[in-house]
Amino acid sequence: MPTPNYSKIMKIKLEENWTTNNNKYPLNDREVERYLSVLPSSAQIEHAKKPFYCFLHFGMNTSTGREWGNGKETAADFKILRIKPEQWIKSIKASGATGVILTCKHHDGFCLWNTGTTDFNVMKSPFAEDIVKLVSDECKKQGMDFGVYLSPWDMHEKSYATPQYNDFFCRQLTELLTLYGDIFEVWFDGAKGAEAKAFEYDWERYYKIVRTLQPNANISICGPDIRWVGNEAGKARKSEYCVVPEFLTKAETIEKHSQQSEEDAKKLLKISSSDEDLGSRKVLEKNAYLTWYPAEVDVSIRKGWFASDENESTVKSPKKLFDIYLNSVGNNSFLLLNVPPNDRGVISRKETKVLKSLGKKISEITEKPVYEKNYGELKETDGYLEFRFPNPKKLKYCILKEDIKKGQRVEKFDLYILKSNGKYKRIYDGTVIGMNKIIEMKGEAVGVLLVIRQSRGTPNLSHIGFYE
């Protein structure tokens, strides 16, 4: 085994780490204690164990070939006569995803379940079966989590924009949360057409219903548990923090930046969030109230959220989806990939192949471990960690995870490989680790050096792994 080039080590300044100057930031003070006091709920901790799941956009728009309804549809316009939920869930499971969220009601107001709130539902259509039940039952059979999307905006309902609508919406929400077993995520958005009447949703009442009926479910986007990443292009920030100012949970903030028209939905594919920094010390010190609010990256497998023959050719490649996975799940975020069934009631053959290829790529990340260890809290002598291998390894990935039950701590780190000639080469300079950090590695190495430069309190790593 070669002797490391210590002159090179001096150049990388090993003595500058969290145990010494901590990159000139306080390691422990009252302000740091405030950041570390912000912890995830038990539901958020469990959610972090299953960071990749899929959207199923399916409904009236699938039948009519639209992205948004027009408020003039009737139940008879849903002309789809057969669906194959078994194929939906099997295809999605092959991708490595662990659950699905079904659009139980989109903006057009058409309900995919046997609701007692309106006749504008699937039971009054030629299909005449409860699609929410069919999908949730199939999830149970195949061991997948089930979640629900319920659009607050309703083009069809006459009581919309009156106090009675909140009662109507709460009845719909109650049905979905009591008739279909365990729900892992409830997805609300703030999308509303520019022509829609001004109306304030009773968010706190909605949240109370979810907390009461499904206490293990996380409420997302227009909700206090999981935040929208800020775009629909599959992009996360370089530093995607979990601890952020509490004002970001306010649904009104999401609504203001959400889709206001079908044209806005297209624009979101090209933009990124206007605020790049949501959780650095510079931001947190100016906010008295903080919360644990991790990001969710929502993106569609094809152009548009609903399947049509026109957007079939836009299905993303396995490589593109894998890049999105690395930039979301591998970047301290959740990934919600939309896979819309078509008007034949199936996920297309093209998408099925892509999903299977994606699943293979994801499983290959950890297929050949070189080193894996659950570390725990670092010692005062662990300003940097050295790992040596008995022979040269062609490393492909590094996976780092913090113990989020102890908060989010690491703020800056460097990763080096030790080459066969005894020289170190920096391959990555990072900031946030959080729930999950996946780093692509290239080059043959006989060792790895992880230097944590900056942290909020003592770093606590639940996992360090290197893979060929």
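Side chains included, hydrogens not; waters and symmetry mates left out as well; all remaining heavy atoms used.
Residue Lys140 qualifies as enclosed at atom NZ: its count of foreign heavy atoms under 6.0 Å is above 12. Around CZ of Phe387, the count of heavy atoms belonging to other residues, nucleotides or ligands within 6.0 Å exceeds 12. For Tyr35, the OH atom is densely surrounded, since the number of other residues' heavy atoms within 6.0 Å is greater than 12. At most 12 non-hydrogen atoms from other residues, nucleotides or ligands lie less than 6.0 angstrom from CD of Glu86. Atom NZ of Lys319 has 12 or fewer neighbouring heavy atoms from other residues, nucleotides or ligands inside a 6.0 Å radius.
For Asp277, the side chain to side chain donor-acceptor pair (under 3.5 Å) partners are Ser280, not counting sequence neighbours.
Side chains of Asn460 and Gln408 form no contact here, defined as non-hydrogen atoms less than 4.5 Å apart. Contact of the Ile226 side chain with the Phe334 side chain is registered, since non-hydrogen atoms from C-beta on lie closer than 4.5 Å. With a 4.5 Å cut-off on side-chain heavy atoms, Asn436 and Asn332 do not count as touching. The shortest side-chain heavy-atom distance between His47 and Glu185 falls under the 4.5 Å cut-off. Between Tyr201 and Trp153, the closest side-chain pair of non-hydrogen atoms falls below 4.5 Å. Side-chain atoms of Asp225 and Ile219, non-hydrogen and from C-beta on, do get closer than 4.5 Å to each other. At a threshold of 4.5 Å between non-hydrogen side-chain atoms, the residues Thr249 and Arg227 do not count as touching. In this structure the side chain of Ile399 reaches within 4.5 angstrom of the side chain of Tyr467, judged on heavy atoms.
Salt bridge annotation for Glu411-Arg281: present, with a cationic side-chain nitrogen under 4.0 angstrom from a carboxylate oxygen. Looking at Lys419 and Glu444, no side-chain N of the basic residue comes within less than 4.0 Å of a carboxylate O on the acidic one, giving no salt bridge.
If you look at Tyr289 and Phe247, their ring centroids are not closer than 6.0 Å. In this structure, Phe306 has its ring center no closer than 6.0 Å to that of Phe58. In this structure, His463 has its ring center no closer than 6.0 Å to that of Tyr375.
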**Q.** Derivation of the side-chain hydrogen bond (donor to acceptor under 3.5 Å, both in side chains) call for Tyr53 and Glu296
**A.** CA-CA 10 Å; Tyr53 37 95; Glu296 182 179 82; 2.5 Å; yes
Q: Could you go through the side-chain hydrogen bond (donor to acceptor under 3.5 Å, both in side chains) check for Asn391 and Lys393 one step at a time?
A: CA-CA 6 Å; Asn391 46 61; Lys393 303 291 183 181; 3.0 Å; yes
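Applying the side-chain contact (heavy atoms from CB on, under 4.5 Å) test between Leu326 and each of Ile365, Leu335, Ile362, Asn331 identifies Ile365 as the sole match.
Ring geometry for His57 versus Trp305: interplanar angle of 30 to 60°, hence tilted. Ring-plane geometry between Phe55 and Tyr149 is classed as perpendicular, the angle between the planes exceeding 60 degrees on a 0 to 90 degree scale with a lower cut at 30. Ring geometry for Trp68 against His107 counts as perpendicular: the plane angle is over 60°, on a 0 to 90° scale with 30° as the lower cut. Ring geometry for Phe322 against Tyr397 counts as perpendicular: the plane angle is over 60°, on a 0 to 90° scale with 30° as the lower cut.
The backbone N or O of Gly143 sits nowhere less than 3.5 Å from a side-chain atom of Lys93 that would complete a donor-acceptor pair.
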